[in-house]
Amino acid sequence: MSQTGGGCRASNYIALLRKALKDLGMEQIPVVSFNMVGLEANPGFKIDIDMGKRLIMAAVYGDLFQRLLYATRPYEEVPGSAEAIMKKYEHDIFQNCKDGKISTYKKLIPQIVADYDALPLKNVKKPRVGVVGEILVKYHPDANNNIVDIIEKEGGEAVVLDLIDFFLYGMYSKKFNYEKLSGSYKQYKVNQLGIDLIEWFRKPLRKALRESKRFDEPSHIEHTAEEASQIASIGNQCGEGWLLTGEMIELIKSGATNIACLQPFACLPNHVTGKGMMKAIRERFPEANIVAIDYDPGASNVNQLNRIKLMMSQAHKNMKS
């Protein structure tokens, strides 16, 4: 089970799962914590260099398709054509993530971007809606009740920034920890090397997107941190921390002035760097149309839907004015 290992309720899940298995008389079943902070040892499970390489490749592919699909699907002339491109490359990508061949990786990425660049699209403009928030609720359609589909049905284009940025945020924070807190120089430099390595894998993606007609490359984590630091301290590292603030600013500056900020019920870090930053962001960017949405098993789907519809209604008004 993946975890951030930080100040989050999710850090308790492993212990609770083990207790549940013990109560059921099945304590021999291992529960493996997949995290990057050394939360606990995992006998029988180790990420070696080869697996790490293939994990980064898979994450880059995932971020690429998310970026291309969401930017084209609301405008496609032939319904289903944007997803058809994704399906076309599915087998090749799975195979590449198994064999880890860099030559194939560097060849596939520009091909995918070129196919999406050539996709016939309608000549219409729709409001762009950024989706930010707690890591699971932000990306998992079951956790956010398919918010991307709702945004598209309401006549918008969803913009969800890259998953890799969340890991880069954790790595980049070590610089602040070393300079301002009790972080070690070694930890700072090791994480800096980690950022450089991930950016090396991102080079083909950045190049292909820069040379495309329709798409933008992702922001560098240093730039996101600089933007966030204008409003919140980089010391905000609990949960999504300063990254959440930085992403909202990044989205507004790139034209996605409408933002849905998602959080599980009572997710304190998100209430601080998400909801808590909205007033300051609106003061700096008066055009920002931000709505905070709580996702919780006890929360009403109707309330969530109404908040999204209200935001979309304002987004369409803003486009006309």
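These numbers come from a predicted model, not from an experiment.
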Novice: So that I can tick it off, tell me whether Glu76 and Lys122 are bridged by a salt bridge, with the cut-off set at under 4.0 angstrom between side-chain N and carboxylate O.
Specialist: no
Novice: Quick one: do Tyr116 and Arg214 satisfy side-chain contact (heavy atoms from CB on, under 4.5 Å)? Show the steps, please.
Specialist: CA-CA 9 Å; Tyr116 274 99; Arg214 295 173 173 164; 5.8 Å; no
Novice: Do Tyr172 and Leu243 belong to the same hydrophobic cluster, where Ile, Leu, Val, Met, Phe, Trp and Tyr are linked whenever their side-chain heavy atoms lie under 4.5 Å apart, directly or via other members?
Specialist: yes
Novice: Checking side-chain polar atoms at under 3.5 Å, does Ser173 have a donor or acceptor matched by the opposite partner on Trp242?
Specialist: yes
Novice: Would you mind checking if Asp23 and Lys19 are paired as a salt bridge, meaning a charged N to carboxylate O distance below 4.0 Å?
Specialist: yes
Novice: Under a 4.0 Å N-O cut-off, is there an ion pair linking Lys175 with Glu179?
Specialist: yes
Novice: For residues Leu136 and Ala143, report the shortest heavy-atom separation together with the two atoms involved.
Specialist: O-CB, 4.1 Å
Novice: Considering non-hydrogen atoms only, spot the tightest contact between Ala256 and Ile259 and give its length.
Specialist: O-CG1, 3.9 Å
Novice: Does a side-chain heavy-atom distance below 4.5 Å link Met51 with Asp48?
Specialist: yes
Novice: Taking C-beta and beyond as the side chain, do Arg67 and Val160 meet within less than 4.5 Å on heavy atoms?
Specialist: no
Novice: Taking all heavy atoms of Val148 and all of Ala158, pick out the closest pair and write down the distance.
Specialist: CG1-CB, 3.9 Å
Novice: Check the angle between the aromatic planes of Tyr169 and Phe166 and answer parallel, tilted or perpendicular using the 30° and 60° thresholds.
Specialist: tilted
Novice: Is there a donor-acceptor contact under 3.5 Å linking the side chains of Gln66 and Asp162?
Specialist: no
Novice: Salt-bridge test for Arg210 and Asp216: reply yes if a basic N is under 4.0 Å from a carboxylate O, no otherwise.
Specialist: no
Novice: Start with the C-alpha distance between Tyr70 and Val131, add both sets of side-chain angles, then the distance that settles side-chain contact (heavy atoms from CB on, under 4.5 Å), and finish with yes or no.
Specialist: CA-CA 12 Å; Tyr70 291 173; Val131 179; over 6 Å; no
Novice: Return yes if a side-chain donor-acceptor contact under 3.5 Å exists between Asn318 and Gln314, otherwise no.
Specialist: yes
Novice: Verify side-chain contact (heavy atoms from CB on, under 4.5 Å) between Arg73 and Glu152, making sure each step is shown before the conclusion.
Specialist: CA-CA 9 Å; Arg73 188 167 58 190; Glu152 290 182 1; 3.0 Å; yes
Novice: Is it true that a side-chain atom of Asn145 and a backbone atom of Asn301 form a donor plus acceptor pair closer than 3.5 Å?
Specialist: no
Novice: To check you understand the geometry: which heavy-atom pair defines the closest contact between Ala260 and Val129, and what is its length?
Specialist: N-CG1, 4.5 Å
Novice: Is it the case that one hydrophobic cluster holds both Tyr89 and Leu69, taking links as side-chain heavy atoms less than 4.5 Å apart, direct or via other members?
Specialist: yes
Novice: Look at the side chain of Ser229 and the backbone N and O of Glu226, then say whether any donor-acceptor pair between them is shorter than 3.5 Å.
Specialist: yes
Novice: For the hydrophobic clusters of this structure (ILVMFWY residues joined by side-chain heavy atoms under 4.5 Å, transitively), does one cluster hold both Leu108 and Leu209?
Specialist: yes
Novice: Applying the side-chain hydrogen bond (donor to acceptor under 3.5 Å, both in side chains) test to Asp294, which of Gln263, Gln304, Arg307 qualifies?
Specialist: Gln263
Novice: Between Glu250 and Lys253 (salt bridge meaning N to carboxylate O under 4.0 Å), is one present in this structure?
Specialist: no
Novice: May I ask you to say whether Arg18 pairs ionically with Glu27, meaning some side-chain N is under 4.0 Å from a carboxylate O?
Specialist: no
Novice: Can you check whether Leu121 reaches Thr72 side chain to side chain, under 4.5 Å on heavy atoms?
Specialist: yes
Novice: Between Lys138 and Asn144, is the side-chain contact (heavy atoms from CB on, under 4.5 Å) condition met? List the steps.
Specialist: CA-CA 7 Å; Lys138 175 182 173 184; Asn144 60 39; 6.0 Å; no
Novice: For the CG atom on Leu24, are there more than 12 heavy atoms of other groups (residues, nucleotides or ligands in this structure) within a distance under 6.0 Å?
Specialist: yes
Novice: For Tyr75 and Asn123, test the side chains for any donor-to-acceptor distance below 3.5 angstrom and give the result as yes or no.
Specialist: no
Novice: Should Asp50 and Arg54 count as an ion pair when the cut-off is N to O under 4.0 Å?
Specialist: yes
Novice: Indicate the atoms forming the closest heavy-atom contact of Ala208 with Pro110, along with that distance.
Specialist: CB-CA, 4.0 Å
Novice: Excluding sequence neighbours, so at least two apart, what forms salt bridge (charged side-chain N to carboxylate O under 4.0 Å, His left out) with Arg206?
Specialist: Glu199, Glu217
Novice: Would you please indicate if the ring centroids of Tyr105 and Tyr61 are separated by under 6.0 Å?
Specialist: yes
Novice: Do the side chains of Ile290 and Thr257 get nearer than 4.5 Å, heavy atoms only?
Specialist: no
